Amino acid sequence: MTPSHVTSISECRHALGGEREAGRRIGYVATMGHLHEGHLSLIDRARESTDCVVVSVFVNPLQFGPTEDFEAYPRDLDRDLGLCADRGVELVFAPDESEMYAQAPVTRITMSGVTDRLEGAARPGHFDGVLTVVMKLFQIVQPDAAVFGQKDAQQAAAILRMVSDLAVPVEVVIAPTVREEDGLACSSRNVFLTGPERQSATRLFGALRRAQELVTNGERETGQLEVAMQDVLSADDRIEVEYAAVVDGRSFQPLRVVTPGALAAVAARVGSTRLIDNMWLMSDVD
Ligand code: PAF
């Protein structure tokens with residue numbers, strides 16, 4: 001069955017109003033489209049605990065910097081609709097920019113702390129753009145549960161914090177990263193990699209695995225782990241490292257030693273494509 005596909009906020013609200021009245025729990029997956037296995041796993045996770053799954057497809061200009069790849073970001077709504085249909089998604093909300101931002105928004109969600117470092121430092125304004133659109137999408141969809149991927153670990157932490165700080169009535173679920181067979185994390189941006197770059201890109205996973213291996217062997221100094229990750233990445237000429245860091249995976253504050261909840265995170269340019277990845281080094285409940 002093809003999912004209903006709506007483009008306006010009012011149609012979306014109307015369609016979901018009926019579902020809610022019928023007592024169905026609404027699950028939500030926010031995307032920027034060009035869906036891959038990672039997104040499909042979020043849809044499957046939403047399906048597990050809700051009755052009606054909504055996917056939004058919107059490339060949000062607010063979260064791209066002036067020199068970033070907003071224009072080039074891959075888009076293929078027909079393909080996305082087909083994948084959603086195969087996965088049994090009930091509703092796809094795919095607004096255009098004039099629907100989401102009929103007037104340039106002067107109200108923004110801003111956050112400090114969680115968003116100060118790593119992606120926040122590399123991409124000024126990025127998280128304000130993400131949190132503003134996610135909050136707006138939450139107001140439109142009003143989901144019972146929303147599923148985001150651990151692949152964007154800092155985004156996940158920021159959304160959890162926003163929902164907690166602002167008492168947003170939604171259960172946020174963070175689903176594990178889906179990887180290709182060779183370990184590369186699924187990402188819409190992987191399509192930009194040339195053959196040799198695709199090969200080099202597996203080093204992000206390799207660097208994280210190296211850190212994890214060192215922790216398993218007893219290393220606790222985060223400085224040592226960061227150097228080890230940096231070494232794996234910079235051994236390849238095609239890779240330009242942006243950061244290789246160990247932080248607390250919820251607060252995104254730096255750690256001197258590995259403690260429960262420690263997360264290794266890397267960002268690098270492979271050719272002209274910017275990729276990120278992360279891995280828990282010690283689970284929260286240890
Ligand atoms: O993770 C993404 O694809 C985006 O940041 C999101 C959450 C859909 C907001 O635009």
Side-chain angles (χ1 to χ4, degrees), residues 7 9 12 27-43 45-46 53-65 68-77 79-80 83-84 89 91-97 99-101 105 107-111 114-115 118-120 122-143 145-163 166 168 170-178 185-192 252 265 267 273-278:
T7 56
I9 294 172
C12 184
Y28 176 46
V29 178
T31 81
M32 297 205 298
H34 212 268
L35 305 183
H36 51 64
E37 285 300 322
H39 295 114
L40 301 181
S41 78
L42 306 183
I43 292 170
R45 178 60 190 82
V53 176
V54 183
V55 171
S56 61
V57 174
F58 178 62
V59 184
N60 171 39
L62 293 189
Q63 68 190 73
F64 289 79
E68 293 182 357
D69 57 353
F70 173 68
E71 296 299 340
Y73 198 84
R75 293 161 170 88
D76 190 343
L77 184 58
R79 180 177 163 277
D80 292 341
L83 289 169
C84 285
V89 167
L91 184 72
V92 175
F93 174 48
D96 63 17
E97 204 177 318
E99 177 68 10
M100 278 300 278
Y101 302 124
T107 308
R108 302 276 178 130
I109 304 279
T110 64
M111 185 177 282
V114 179
T115 54
L118 308 187
E119 288 306 286
R123 305 182 64 187
H126 170 68
F127 284 118
D128 290 5
V130 169
L131 295 173
T132 302
V133 81
V134 168
M135 190 56 146
K136 183 158 184 170
L137 289 162
F138 280 167
Q139 304 308 312
I140 296 166
V141 175
Q142 297 180 27
V147 187
F148 294 89
Q150 175 64 21
K151 154 77 174 23
D152 293 300
Q154 198 170 6
Q155 167 175 286
I159 291 169
L160 282 167
R161 186 58 194 258
M162 173 182 78
V163 162
L166 301 181
V168 185
V170 59
E171 180 200 349
V172 174
V173 177
I174 308 302
T177 302
V178 175
C186 291
S187 163
S188 302
R189 290 188 169 97
N190 291 350
V191 296
F192 295 135
F252 274 78
T273 307
R274 186 172 186 279
L275 298 176
I276 59 172
D277 200 353
N278 67 87

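Note that the coordinates shown come from a computational prediction; the quantities given were computed from them, not determined experimentally. Every number for a ligand or one of its atoms is a count from 1 in the order of the listing.
Close contacts of ligand 1 with Val133, meaning ligand atoms under 4.0 Å from a residue heavy atom, involve 9 (C), 10 (O). Shown in contact with Ala30 at under 4.0 Å from a heavy atom are these atoms of ligand 1, numbered in order with element: 8 (C). Which parts of ligand 1 touch Gln155 is read off a 4.0 Å heavy-atom cut-off, strictly below it: atoms 1 (O), 2 (C), 4 (C), 5 (O), 7 (C). Each of the following atoms of ligand 1 lies closer than 4.0 Å to a heavy atom of Gln63: 4 (C), 5 (O), 9 (C), 10 (O).
Considering only heavy atoms from C-beta on, Asp152 comes within 4.5 Å of Ile276 through its side chain. Side-chain atoms of Thr110 and Thr115, non-hydrogen and from C-beta on, never get closer than 4.5 Å to each other. Side-chain contact between Val59 and Phe70 is present, with at least one heavy-atom pair separated by less than 4.5 Å.
Both tests do not hold together for Arg108 against Phe127: distance to the six-membered ring centre under 6.0 Å, angle to the ring axis within 45°.
Residue contacts with ligand 1, taken as heavy atom pairs separated by less than 4.0 Å, involve Thr31 solely via the backbone atoms N, CA, C and O.
A 6.0 Å sphere centred on CZ of Arg123 holds more than 12 heavy atoms belonging to other residues, nucleotides or ligands.
Looking only at heavy atoms of the protein, atom 3 (O) of ligand 1 is closest to Met32 CG, 3.6 Å.
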